[in-house]
Amino acid sequence: MARAAQAGLPASDLFVRAVQALPPPPQDADSYVFSLPVVRHLGKGAFTRRVTLLVGENGTGKSTLLEALACHCGFNAEGGSRNFNFATRDTTAPLYRALRVTRGARRPRDGFFLRAESFYNVASEVDRLDAEGPPGLLERYGGRSLHAQSHGESFLALILHRFGPQGLYLLDEPEAALSPARQMTLLYRIHQLSQKGCQFIIATHSPMLMTLPDADIWLLEASGIRHVPYTETEHYQLMRAFLDQPQRMLKTLLADD
């Protein structure tokens with residue numbers, strides 16, 4: 001998959017300009033990840049916007065690609081910044097060893113990899129570093145332990161307080177713990193930071209996040225990868241159909257065999 005840069009934003013303005021899946025090294029050749037649709041069809045994927053959304057059905061490889069990109073950029077596989085080195089369990093897919101990443105001329109001032117499934121481990125590491133290191137670390141996360149808040153509150157505390165301008169942020173299903181109202185807060189914060197020189201690459205199932213202005217949506221399918229407007233995603237179409245006629249949809253969905 002290749003695409004020319006869109007008007008108004010030179011590729012050099014981005015921290016990550018392109019990603020390409022290369023043939024796997026011999027020790028990884030039998031790994032299932034190299035049969036995933038995103039790997040088979042990636043080609044050389046060019047990032048052309050400050051916000052890129054990876055969308056598609058479960059199993060297409062969105063999270064695997066994001067994890068590989070995070071590892072290649074120096075982030076901890078379970079999440080966190082480049083300074084996080086903990087490992088609860090080694091389940092990292094080997095795709096990062098077969099990834100070629102093209103960087104921009106600028107270097108990010110900051111960065112973070114957020115993955116919903118292991119955020120508990122990140123919160124524990126923040127507490128450990130705060131206890132063992134110099135005081136003040138928790139202030140960067142809002143002044144309270146992330147474990148002392150609800151799941152959704154801790155997500156927002158991270159995004160509102162820890163994320164700053166000129167950063168590279170990779171987010172895997174950031175909407176997982178958020179109510180619709182909080183997803184609107186997240187949408188606003190991502191848009192706000194994108195105007196301050198940040199680049200976001202986000203794997204998501206949220207039709208709300210797909211409405212982000214000027215975002216580039218990569219639709220991952222078994223047959224390939226397409227750039228689409230959010231109204232052409234199945235997420236949007238199914239949600240709209242359900243909300244427009246919930247009783248009709250329920251009658252179809254729950255009909256006896």
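Residues Met208 and Leu114 fall within the same hydrophobic cluster, defined by Ile, Leu, Val, Met, Phe, Trp and Tyr side chains chained together at heavy-atom separations under 4.5 Å. With hydrophobic clusters built from ILVMFWY side chains whose heavy atoms lie under 4.5 angstrom apart, Leu170 shares a cluster with Leu99. Using a 4.5 Å cut-off between side-chain heavy atoms of Ile, Leu, Val, Met, Phe, Trp and Tyr, with links allowed through other members, Leu138 and Phe155 fall into the same hydrophobic cluster.
A side chain to side chain contact (heavy atoms under 4.5 Å, CB included) with Asp172 is found for one member of Leu66, Ile201, Thr204, Ile202 and no other, namely Leu66. Each of Arg106, Lys196, Gln199 was compared with Gln166 under the side-chain hydrogen bond (donor to acceptor under 3.5 Å, both in side chains) criterion, and only Arg106 meets it.
Contact check for Val101 versus Arg103: side-chain heavy atoms found under the 4.5 Å cut-off. Residues Val19 and Thr102 form no side-chain contact, since every pair of their non-hydrogen atoms from C-beta on lies 4.5 Å or further apart. The shortest side-chain heavy-atom distance between Cys73 and Val16 falls under the 4.5 Å cut-off. Taking the side chain as every heavy atom from C-beta outward, His227 and Leu219 never approach each other to under 4.5 Å.
Once rounded to the nearest 0.5 Å, the distance linking CZ of Arg49 with CD1 of Ile217 reads 11.0 Å. Atom OG in Ser206 sits 9.0 Å away from atom NE2 in His235 (nearest 0.5 Å).
Taking the six-membered ring where tryptophan is involved, the planes of Tyr120 and His147 are tilted, since the angle between them lies from 30° to 60°. Using cut-offs of 30° and 60° for the angle between ring planes, the Phe200 and Tyr169 rings count as tilted. Under the 30°/60° scheme for interplanar angles, the aromatic rings of Phe84 and Phe112 are found to stand perpendicular. The aromatic rings of Tyr236 and Tyr230 sit perpendicular to each other, their planes meeting at more than 60°, with 30° as the lower class boundary.
Atom CZ of Arg128 has more than 12 neighbouring heavy atoms from other residues, nucleotides or ligands inside a 6.0 Å radius. The environment of CG in Asp30 is sparse: at most 12 heavy-atom neighbours from other residues, nucleotides or ligands sit within 6.0 Å. Counting heavy-atom neighbours within 6.0 Å of Met239 CE, excluding the residue itself, gives a total of 12 or less.
A donor-acceptor contact shorter than 3.5 Å is absent between the side chain of Arg144 and the backbone of Ala157.
Remark: Glu221 engages Arg226 in a salt bridge (Lys or Arg N to Asp or Glu O under 4.0 Å) (not counting sequence neighbours).
A donor-acceptor contact closer than 3.5 angstrom links the side chains of His205 and Asn58.
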- With salt bridge (Lys or Arg N to Asp or Glu O under 4.0 Å) as the test, would you mind laying out the steps for Asp28 and Arg97 before giving the verdict? CA-CA 9 Å; Asp28 299 327; Arg97 289 195 286 265; 2.9 Å; yes

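Remark: Arg82 is positioned above the aromatic ring of Phe75, its terminal NZ or CZ atom under 6.0 angstrom from the ring centre and at most 45 degrees off the axis.
Using a 4.0 Å cut-off between charged side-chain N and carboxylate O, Arg115 and Glu67 make a salt bridge.
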